[in-house]
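Scroll down for the structure; my scribbles are underneath it.
Start at 1 and go down the list; that is how both ligands and their atoms are numbered. Side-chain atoms are counted along with the backbone in the values below, which use heavy atoms only and exclude waters and symmetry mates.
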Amino acid sequence: MSSYHVSIKGIVQGVGFRPYVYTLASKYHINGQVWNTAGGVEIQVSGEDDAVHKFLEELQLHPPVLARIDQFKSSAIEKIFPSGFTILQSESTSGDFMPISPDIAICEDCRQELFDPQDRRYRYPFINCTNCGPRLTIITGIPYDRPNTTMAEFELCPDCLAEYSNPADRRFHAQPIACPVCGPRLSFSLNGRTTYDGNEALKMARLALADGNIIAIKGLGGFHIACDAKNITAVETLIQRKRRSEKPLALMANDETVISKYCAITNAETELLKSHQHPIVLLRKNQNCTLPEILALNQNHLGFMLPYTPLHCLLLEKAEGYPEVLVMTSGNISEEPIAYEDDEAIKRLTPLVDGFLTNNRPIHTRVDDSVIRVFDGHPYHIRRSRGYAPQPISLPVDVPQIIACGAELKNTFALSREKYAFISHHIGDLENYETFRSYESSILHFQRLFRIKPELIAADLHPDYLSSTYASNRAEKENLPLLKVQHHHAHLASCLADNHWDSKENTIGIVLDGTGYGLDGSIWGGEFLFGNYSGFSRVFHLQQVPLPGGDASIRQPAKIGISYLLTSGIELENDLPPAAHFSKTELDLLSNQISTKINSPATTSMGRLFDAVSSIIGLRQTVSYEAQAAIELENSCDSLEQGAYSFEIVNNEITTRTMIKEIVEDWRKKVNKGIISAKFHNTIARMCLDVCQEIQKQSSVTSVALSGGVWQNITLLNKTKPLLERNGFKVLIHQQVPSNDGGISLGQIMVASTFTRD
Ligand code: ZN
Ligand code: ZN
Ligand code: FE
């Protein structure tokens with residue numbers, strides 16, 4: 001006989017861990033008990049030596065699919081359990097904490113029950129089990145138990161209670177458990193008139209969608225706005241109502257066979273589409289794709305996802321004449337956050353939609369869909385949110401409890417303790433008041449969930465970021481040290497942490513970005529840094545140009561085009577698209593503003609160089625969403641072109657004068673835009689190599705980290721990474737967080753932690 005006590009930490013609650021332990025114990029005929037604590041799961045067992053060892057081995061090697069074991073400690077004990085295996089009541093120890101599972105897409109078992117006429121949850125849109133369903137979106141507190149979720153108000157019926165209490169059941173302690181008798185219900189209204197309930201609501205919503213209506217649909221983390229993706233009138237109306245934003249619209253199809261009619265899908269992409277997370281995956285459009293162009297204007301990719309809730313499965317269910325692809329864009333107007341509360345959604349979305357398909361399960365935390373691209377067969381994040389947050393990132397070192405407030409656009413914040421960084425869901429652009437409010441409340445919510453008592457607050461160096469103001473207010477009020485982290489240093493640290501970089505060795509950070517506040521008060525963004533978590537030096541950077549009108553010019557690439565032309569000594573002739581975009585008077589004013597540098601801060605931003613080139617070759621003079629000019633420049637790229645333009649490295653500056661001159665020459669020779677775009681991309685890749693080799697001459701460093709928003713450009717990544725590798729560099733790219741400002745909070749944690757460690 002032998003007896004053991006096992007302590008397990010990691011994601012072990014809300015993932016069917018205890019029933020799994022129970023079943024495993026029965027399999028090996030061993031006795032004992034299992035219970036949850038606020039810090040993890042505890043198990044005590046006794047039985048035949050061999051059986052106990054096999055039990056422990058299997059538990060460690062094959063935990064439940066959604067679980068993640070970060071720590072597994074077992075020790076021999078004296079106690080003998082004479083008979084049976086029991087699941088004890090949860091025990092809460094103050095100060096302990098544990099990771100919380102993200103929301104999980106509907107599992108295969110639940111999907112089968114959903115379409116099984118014999119099942120008591122047949123066609124019930126809120127079916128879930130311990131292996132799937134809502135988590136972060138419904139959790140109001142800890143420990144993760146039903147009273148601490150938005151399901152608290154739904155009292156379990158006897159059937160559900162029996163499943164909930166049976167350790168052998170797939171729904172044992174499934175907190176969001178529900179059925180048609182006791183759980184949430186659908187309701188649907190069209191044009192503010194009749195309201196339908198339950199299955200009738202679903203039927204009428206489908207009819208309305210098939211009829212070309214635009215419907216707001218309450219999902220897992222908020223409202224989507226849906227319409228038939230093939231109905232051009234419906235799509236055009238939707239775009240018009242969304243204030244004519246040209247931002248690509250996300251799509252949902254019933255299965256990957258439908259998607260493959262419109263896009264090429266690799267195995268890695270299929271796997272990602274069908275993963276527990278079910279993110280939006282950006283897929284290459286087929287040549288003969290028959291979906292309307294306006295779904296993703298001037299892009300050769302479409303963002304597709306598969307149904308991830310039972311409601312989506314029912315909504316997309318195939319039927320004769322029914323739309324096989326739905327637009328499923330977030331329920332908001334341009335920069336506002338996604339709507340998630342019923343009253344608020346009805347108020348805000350009524351002008352946008354013809355009907356509402358909603359339900360009475362409250363959403364506690366609004367969470368947007370995640371967006372991912374596949375690079376080199378691996379996921380490459382664009383927006384890390386639903387399905388991923390708040391899954392902790394494992395850090396290479398132990399860190400203190402820190403709140404990192406993130407950046408301004410595409411904000412995420414992060415909390416840390418021990419070896420974990422809890423990165424929030426996508427918060428969005430803090431300039432929007434609603435978004436900022438949700439930022440503040442989410443930070444407090446996360447602090448409670450993970451029991452964080454901050455020892456330090458980290459924020460961006462930018463004096464005007466709302467996140468920085470929030471940080472200094474809190475630091476002052478709570479008498480906490482505040483550490484300001486330079487934006488591009490945070491990008492570098494983020495990429496290193498993302499690759500579990502645990503050495504004090506220096507690296508090269510190629511941080512190519514839109515905007516970041518520099519140590520000298522100017523706007524940085526084309527930066528070659530040398531350093532690590534604890535510090536950096538700015539060894540090379542892009543040449544400075546004036547940014548007429550400051551940050552506002554981001555919406556007008558034409559102004560940046562003009563600035564680059566003038567800086568490169570090129571006359572503003574009318575054959576050049578940015579010059580032709582303005583009237584003579586406007587052009588004079590602008591030239592004057594640029595030469596006198598009035599309200600024209602200097603920038604080394606690589607994002608702005610992309611804007612300028614996009615403008616100079618006539619692709620984009622104004623944009624309706626962030627980075628549109630650069631994205632369209634990337635999408636126009638000719639994949640076969642190998643040529644490049646010239647640039648010079650003078651002292652620690654990379655000059656762009658000759659590059660811009662050669663681009664103008666090509667434009668005047670009527671060289672195809674795709675060729676110019678390709679040559680420009682090739683130039684930036686070679687610039688990266690040349691500068692790295694230059695740095696290498698002075699130090700023997702071989703590791704290069706690529707971070708910053710510009711690295712969302714897969715075409716550039718595809719050209720740069722192999723080029724550096726062929727020349728002996730080890731290239732680190734982002735793995736679990738985006739290279740854009742969504743990854744800043746992780747970097748801030750790492751930089752801040754070095755200040756408390758020594
Ligand atoms: Zn399930
Ligand atoms: Zn029930
Ligand atoms: Fe940035």
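The residue from Asp368, Thr137, Asp369 that alone fulfils the side-chain hydrogen bond (donor to acceptor under 3.5 Å, both in side chains) condition with Arg386 is Asp369. Each of Asp197, Asn360, Asn359 was compared with Arg185 under the side-chain hydrogen bond (donor to acceptor under 3.5 Å, both in side chains) criterion, and only Asp197 meets it. Only one option out of His734, Glu626, Gln712, Arg383 pairs with Asn740 in a side-chain hydrogen bond (donor to acceptor under 3.5 Å, both in side chains); it is Gln712.
Using a 3.5 Å distance cut-off with no hydrogens or angles, the side chains of His173 and Asn36 do not pair a donor with an acceptor.
A cation-pi arrangement is absent between Arg146 and Phe154, since the terminal nitrogen or guanidinium carbon is not both under 6.0 Å from the aromatic centre and inside a 45° cone about the axis.
The residues Asp460 and Lys484 are annotated as not salt-bridged, no charged nitrogen and carboxylate oxygen being separated by less than 4.0 angstrom. In summary, Glu634 and Arg373 engage in a salt bridge, as defined by a charged side-chain N under 4.0 Å from a carboxylate O. Salt-bridge annotation for Arg123 and Glu113: absent, with no side-chain N of the basic residue lying under 4.0 Å from a carboxylate O of the acidic one.
Annotation: the span from Asp429 atom CG to Thr435 atom OG1 amounts to 7.0 Å, rounded to 0.5 Å.
Relative ring orientation between Tyr380 and Phe375 is described as tilted, the plane-to-plane angle lying within the 30° to 60° band. Using cut-offs of 30° and 60° for the angle between ring planes, the His462 and Tyr517 rings count as tilted.
For the Zn ion (ligand 1), the set of protein N/O/S atoms nearer than 2.8 Å consists of Cys107 SG, Cys110 SG, Cys129 SG, Cys132 SG, ordered by chain and number.
Counting heavy atoms from C-beta on, the side chains of Met606 and Met687 come closer than 4.5 Å.
Counting only protein N, O or S atoms, 5 lie closer than 2.8 Å to the Fe ion (ligand 3). Counting only protein N, O or S atoms, the number found under 2.8 Å from the Zn ion (ligand 2) is 4.
Considering only residues two or more places apart in sequence or on other chains, Ala407 meets the side-chain contact (heavy atoms from CB on, under 4.5 Å) condition with Tyr465, His487, Asp741, Ile744.
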